[in-house]
Amino acid sequence: MVHIFAFSMSENQSIIFLTSVLLIYLVTLSGNLLIISLICLEPRLHTPMYFFLCYLSTLDIMYVSTTLPKFIYVCLTGDHVMSYTSCMAQLRLYLLFSDVECFLLTSMAGDRYVAVCFPLRYSLIMSKRVCVLLAFSALFMALVNASIITCFASNLTFFGLVNIKNFFCELKALMNVSFHDNSSLKMFLIVDSMILGVIPSCMILASYICIIYTVLNIKSPGGRWKTFSSCSSHITIVVIFYGSGMILYLSQSLKQEIILSMMFVTLVPLLNPLVYSLRNKDITRAIRRRMEKNMLVTK
């Protein structure tokens, strides 16, 4: 059995904290569901860029639903115990969805690279088949990686009740309370972080270097701004995802790890729809059109 113990606070503090987490969860679900609905209902948004955005919003819903509902249940009932099987399942799903998001952000950078650098061949290169292939490739690679890490984690040795000092079954927290020699797992995680962190981030950086070079060759200042603004939402999301992930990876204090884990799990899925709805004109126009249609129907 696994005992989850992350935050020690007074009753009033716990009510405020629980209300905040529940509100964040509901806003995250609503925002991402709104993005998915808009993209599905609006024919103008049936493009590769919005296909990937729809995929990202679906991922964010599943990602945040892997951890927060259980945490909310723990806070409401006071039942901090979960089975070891459930713990491993939660760990696998958490790793799966975060890995898919990592690969997906790289695919989205490639999409922006083709759109800016090869606009006339965009629809030919980023065909429906290519988009689906990229989406399934990201899922397959993430599934393999998550399964390998979960397999390593399931072989860790524990005695009695496993006390995890985090709000979900996080890998680092499991390794800290393990009596098993986890040097092989640590070595794999170093290699894994290179593959999932360095290589995708270098590919994203290379894409944007090419994009900036192309944008600088545009003579019109208005044309430059219009072209680069189509990438601004994706850049913001990449900075949020990799920035918060890097801070979490480099943190040494246990309290910092718990707080940063909570921020990484909640803020990234929360901010994604906000960034795309506030900074993307196509999304804001689609929202306006839907609101106008609803007003006409009610009249």
Side-chain angles (χ1 to χ4, degrees), residues 1-7 59-60 62-71 74 80-105 138-201 240-269:
M1 300 297 284
V2 177
H3 184 268
I4 298 171
F5 183 78
F7 302 100
L59 271 177
D60 284 336
M62 293 189 287
Y63 176 66
V64 77
S65 298
T66 302
T67 53
L68 287 193
K70 177 62 182 177
F71 177 68
V74 166
H80 292 255
V81 178
M82 68 189 298
S83 69
Y84 186 71
T85 306
S86 299
C87 179
M88 287 297 107
Q90 188 184 58
L91 175 64
R92 176 177 281 190
L93 289 173
Y94 170 76
L95 292 170
L96 172 64
F97 297 135
S98 56
D99 288 355
V100 175
E101 185 151 345
C102 180
F103 291 126
L104 182 61
L105 289 174
L139 182 61
F140 175 74
M141 289 187 290
L143 184 60
V144 170
N145 185 64
S147 299
I148 293 170
I149 295 174
T150 309
C151 186
F152 271 115
S154 63
N155 289 321
L156 295 173
T157 305
F158 304 99
F159 294 109
L161 187 67
V162 182
N163 290 297
I164 295 179
K165 292 184 178 179
N166 211 323
F167 70 98
F168 72 105
C169 283
E170 198 258 340
L171 183 60
K172 232 183 197 181
L174 282 169
M175 290 169 68
N176 288 338
V177 295
S178 168
F179 290 91
H180 185 79
D181 177 21
N182 49 33
S183 56
S184 56
L185 176 55
K186 285 179 179 178
M187 186 62 67
F188 178 81
L189 289 175
I190 291 169
V191 177
D192 189 61
S193 63
M194 291 291 290
I195 295 169
L196 288 179
V198 177
I199 295 174
S201 57
I240 292 168
F241 182 81
Y242 278 100
S244 56
M246 193 176 293
I247 293 167
L248 176 61
Y249 181 79
L250 295 173
S251 65
Q252 298 296 325
S253 166
L254 181 62
K255 283 185 178 180
Q256 281 182 355
E257 277 184 26
I258 296 169
I259 294 166
L260 289 169
S261 293
M262 175 61 79
M263 289 177 66
F264 187 69
V265 167
T266 56
L267 290 184
V268 173

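Quick note: numbers below take in every heavy atom, side chains included, and nothing from hydrogens, waters or symmetry partners.
- Take Ser83 and apply the side-chain hydrogen bond (donor to acceptor under 3.5 Å, both in side chains) test, not counting sequence neighbours, and it matches Ser86.
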Open item on the list: For a side-chain contact (heavy atoms from CB on, under 4.5 Å) check, start with the C-alpha distance between Leu139 and Leu96, then their side-chain angles and the critical distance, and finish with the verdict.
Closed with: CA-CA 8 Å; Leu139 182 61; Leu96 172 64; 4.3 Å; yes
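- Counting only heavy atoms from C-beta outward, the side chains of Leu185 and Leu171 approach each other to under 4.5 Å.
- Distance check: Asn145 CG to Leu196 CG gives 5.0 Å after rounding to the nearest 0.5 Å.
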TODO: Decide side-chain contact (heavy atoms from CB on, under 4.5 Å) for Leu174 and Cys87; before the verdict, give the C-alpha distance in whole Å, the side-chain angles of both, and the deciding distance to 0.1 Å.
DONE: CA-CA 10 Å; Leu174 282 169; Cys87 179; 4.2 Å; yes
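- Listed here is the closest heavy atom pair of Thr66 and Gln90: O-NE2, 3.1 Å.
- Considering every non-hydrogen atom in both Ala142 and Phe103, the closest pair reads N-CE1, 3.8 Å.
- Qualifying ring pair (Phe, Tyr, Trp, His ring centres under 6.0 Å) partners for Phe140, counting only residues two or more places apart in sequence or in other chains: none.
- The shortest non-hydrogen separation linking Cys169 to Leu91 is O-CD1, 3.4 Å.
- Ser65 pairs by the side-chain hydrogen bond (donor to acceptor under 3.5 Å, both in side chains) definition with Tyr25, not counting sequence neighbours.
- Among residues two or more places apart in sequence or in another chain, the ring pair (Phe, Tyr, Trp, His ring centres under 6.0 Å) test is passed with Tyr63 by Tyr94.
- The heavy-atom pair separating Cys102 from Tyr242 by the smallest distance is SG-OH, 3.2 Å.
- With contacts defined as side-chain heavy-atom distances shorter than 4.5 Å, the pair Ile240/Leu267 does not qualify.
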- [ ] Output, in order, the C-alpha distance, side-chain angles, deciding distance and verdict of side-chain contact (heavy atoms from CB on, under 4.5 Å) for Val265 and Phe167.
- [x] CA-CA 11 Å; Val265 167; Phe167 70 98; 3.9 Å; yes
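- Applying the side-chain hydrogen bond (donor to acceptor under 3.5 Å, both in side chains) criterion to Asn155, with sequence neighbours excluded, gives no partner residue.
- Taking CD1 of Ile195 as the start and CE of Met141 as the end, the distance is 10.5 Å to the nearest 0.5 Å.
- The two residues Ser184 and Phe152 have their closest heavy-atom pair at OG-CE2, 4.0 Å.
- Distance check, rounded to the nearest 0.5 Å: CG of Leu143 to CD1 of Ile148 gives 10.0 Å.
- Residues Ser261 and Phe168 approach most closely at CB-CE2, 4.3 Å, considering heavy atoms.
- With a 6.0 Å radius and a threshold of 12 heavy atoms from other residues, nucleotides or ligands, Met62 has its CE atom above the threshold.
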Open item on the list: Would Leu189 and Lys172 count as a side-chain contact (heavy atoms from CB on, under 4.5 Å) here? Give the steps.
Closed with: CA-CA 11 Å; Leu189 289 175; Lys172 232 183 197 181; over 6 Å; no
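- Applying the disulfide bond (SG atoms under 2.5 Å apart) test to residues at least two apart or on different chains, none of the pairs has a partner in residues 171-201.
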